[in-house]
Number of protein chains: 2
Amino acid sequence: MLPSDDAPVTAPSDVERGSGVALWRQIVERIEADIHEGHLAPGTRLPTEMELAERFGVNRHTLRRALATLNEQGLIEATPGRGTFVKEPPIRYPISSRTRFSEIVSGEGRAPSGRLIGSRVEPASAEIATALRLPPGSDVLRIDMLREADGVPITAGSHWYEAERCRDLDLLVAATGSVTRALETLGLGDYRRLETRITARLADEEDRRLLSLPAGRTVMVVEAINGDPQRRPIQFSRARFAADRVQLVVKN
Amino acid sequence: MLPSDDAPVTAPSDVERGSGVALWRQIVERIEADIHEGHLAPGTRLPTEMELAERFGVNRHTLRRALATLNEQGLIEATPGRGTFVKEPPIRYPISSRTRFSEIVSGEGRAPSGRLIGSRVEPASAEIATALRLPPGSDVLRIDMLREADGVPITAGSHWYEAERCRDLDLLVAATGSVTRALETLGLGDYRRLETRITARLADEEDRRLLSLPAGRTVMVVEAINGDPQRRPIQFSRARFAADRVQLVVKN
DNA sequence: AAACATTTGTGCGTATGTATC
DNA sequence: TGATACATACGCACAAATGTT
């Protein structure tokens, strides 16, 4: 069975044996390059493992080792019975003084949506009190949300507000599905991002459930402080982003 | 054997049974709070699992479930035979127009060091050519480095420079262990960060080897473009940060 | 070097509550 | 109302890593 003409690039057999670099690693680098150069567009289906193995002149096990690495890197995704596909590139998510989920997602040509998961008033922990510059233990309103682009979950997280200043904000969020619009209604539409802190970790059960992630994926944990035009903190948030669906971008 | 007086907080048995919230989850929240409030300082050793289980009045398995969650969250770390410890907080790593590894690490009161892993001249991939605004395939100098704070690996990555403009930069980096100082010698000390892109993924074998990470940890993949004062790109870099040792911070 | 205690890591079996069909 | 599946919780035993004597 000869390779068809419309097959993706991943050029035929140019791996060097005994070059000191493992065959599977050479294959990783070739396919990686093909994806980065744009020869393999997002959504493209790769040839079957058997076919690829033949082209590179290696055993299917060797090829699978390469595909496993590319999968770990988040570049491809394999489904039994369907094939292996080049993944869609992540949403570019700019972090700036004016960071708004819905605007960013719209700007990427995708449809944003938000869903209220829950809300309650609770005493502020030391961390949240510091961020919001409130006395520790003050009442804060906590709002848990899930946010999606084209129905795909992007981020899930909690937002904390000074309870007194933001009465009924949770109802407004539930009604509009948007924090921005809810804050506008309260006359706080002009908020701006003051600080953003970013770490990452393995997605736990809850992350996976909320964000519909398979096991072994990672989330970026993004803490943010938003304030009013006078830079007084209004909101502290801690959200988990599906790491392989988002790329955070900082411009200076 | 009674608990000693100097034992950490994690108050004795105040978990509610049949409250609708699983016991292990209540324990997570208590210890989490103790860490965040500062009652459990970084580096503190927690009581043994047996002891904690007794204090909370639960089975050791139940307690272990709570510890596993805290471990996933990166708050604690356990070693067989030694015990369970509250982790040191991550280095705060500000991303700004003037982002310098050594300055940041020094500013955190830690000793920065850098080690050259390798370097070579290679043709620019499409991505790198775009970032550096060079014709695709131009010669670029690639420098691979590992950077540490107090001897602990923080980040490993590649830096690409226009080959012509940065001749012998690799030798300077090898000599000084610092990209900043090497660039200064070439009269390019005044570079500034133009753009930063951040994603995250599970650490692969190479990441784990370079960064001395145990299996299952995550890395943040940070791509950066640095330019001269006229905002002409000088350097493109792609580095992997040990996610549980660093918190990237963006101020607006 | 060898024996030992301490502590976390892992496995098995069992019982109970809770949500779902 | 069952029937079923799943998460929670407990008890006991042993393996593996570490530090000390």
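Just so it is clear: chains get the letters A, B, ... in the order the sequence lines come, proteins before strands, and each one is counted from 1.
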*Asks:* Between dT18(D) atom P and Arg45(B) atom CZ, what is the distance in whole Å?
*Replies:* 14 Å

*Asks:* Which atom names give the shortest non-hydrogen contact between Val250(A) and Val250(B), and what distance separates them?
*Replies:* CG2-CG2, 3.7 Å

*Asks:* Can you tell me the distance, in whole Å, between the CG atom of Leu63(B) and the C1' atom of dT8(C)?
*Replies:*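 In whole Å, dT8(C) C1' and Leu63(B) CG are 12 Å from each other.
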
*Asks:* Quick one: Glu49(B) CD to dA17(D) P, roughly how many Å, whole number?
*Replies:* 16 Å

*Asks:* When you measure from the side chain of Arg82(B), which nucleotide among dA9(D), dG19(D), dG9(C) comes out closest?
*Replies:* dG19(D)

*Asks:* What integer distance in Å separates Phe85(B):CZ from dT8(C):P?
*Replies:*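 For the pair Phe85(B) CZ and dT8(C) P, the rounded distance is 9 Å.
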
*Asks:* Tell me which one of Ser119(B), Ser158(B), Ser237(B) satisfies side chain to side chain contact (heavy atoms under 4.5 Å, CB included) with Arg142(B).
*Replies:*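 Testing each of Ser119(B), Ser158(B), Ser237(B) against Arg142(B), the sole residue satisfying side chain to side chain contact (heavy atoms under 4.5 Å, CB included) is Ser158(B).
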
*Asks:* Any side-chain donor paired with an acceptor under 3.5 Å for Gln247(A) and Thr199(B)?
*Replies:*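 Note: Gln247(A) and Thr199(B) side chains miss the donor-acceptor criterion.
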
*Asks:* For Tyr93(B), is the NZ or CZ atom of Arg245(B) found under 6.0 angstrom from the centre of its six-membered ring and inside 45 degrees of the ring axis?
*Replies:* no

*Asks:* For dT8(C), take OP1 and OP2 only and decide whether either is under 4.0 Å from a side-chain N or O of Arg64(B).
*Replies:*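 Arg64(B) to dT8(C) OP1/OP2: no side-chain N or O under 4.0 Å.
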
*Asks:* Please report the distance, rounded to the nearest Å, between NE2 in His61(B) and C1' in dG9(C).
*Replies:* 10 Å

*Asks:* Measure from the side chain of Ala78(B), starting at C-beta and using heavy atoms only, and say which of dT7(C), dA9(D), dG9(C) lies closest.
*Replies:* dG9(C)

*Asks:* Where the side chain of Thr84(B) is defined as all heavy atoms beyond and including C-beta, which of dC12(D), dT18(D), dT8(C) is the nearest nucleotide?
*Replies:*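 It is dT8(C).
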
*Asks:* May I ask you to evaluate whether Arg60(B) reaches the phosphate of dC12(D), defined as a side-chain N or O under 4.0 Å from OP1 or OP2?
*Replies:*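 No, outside the criterion.
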
*Asks:* Rounded to whole Å, how long is the line connecting atom CG of Leu67(B) with atom P of dG9(C)?
*Replies:* 8 Å

*Asks:* Taking 4.0 Å as the cut-off, does a side-chain nitrogen or oxygen of Thr62(B) come that near to OP1 or OP2 on dC10(D)?
*Replies:* yes

*Asks:* Evaluate Val140(A) against Glu162(A) for side-chain contact (heavy atoms from CB on, under 4.5 Å), listing each step before the verdict.
*Replies:* CA-CA 5 Å; Val140(A) 285; Glu162(A) 189 184 344; 5.5 Å; no

*Asks:* According to a strict under-4.0 Å criterion, is Arg65(B) in side-chain N/O contact with OP1 or OP2 of dT8(D)?
*Replies:* yes

*Asks:* Looking at the side chain of Trp24(B), which of dG9(C), dT18(D), dA9(D) is the nearest nucleotide?
*Replies:* dA9(D)

*Asks:* Between atom CG in Leu70(B) and atom P in dT8(C), what is the gap in whole Å?
*Replies:* 14 Å

*Asks:* To the nearest Å, give me how far apart CG (Leu23(B)) and P (dT18(C)) are.
*Replies:* 12 Å

*Asks:* If you check the Pro80(B) side chain, which of dG9(C), dA9(D), dC10(D) turns out closest?
*Replies:* dG9(C)

*Asks:* Examine dG11(D): is either OP1 or OP2 under 4.0 Å from a nitrogen or oxygen in the side chain of Asn59(B)? Give yes or no.
*Replies:*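 Answer is yes, contact under 4.0 Å.
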
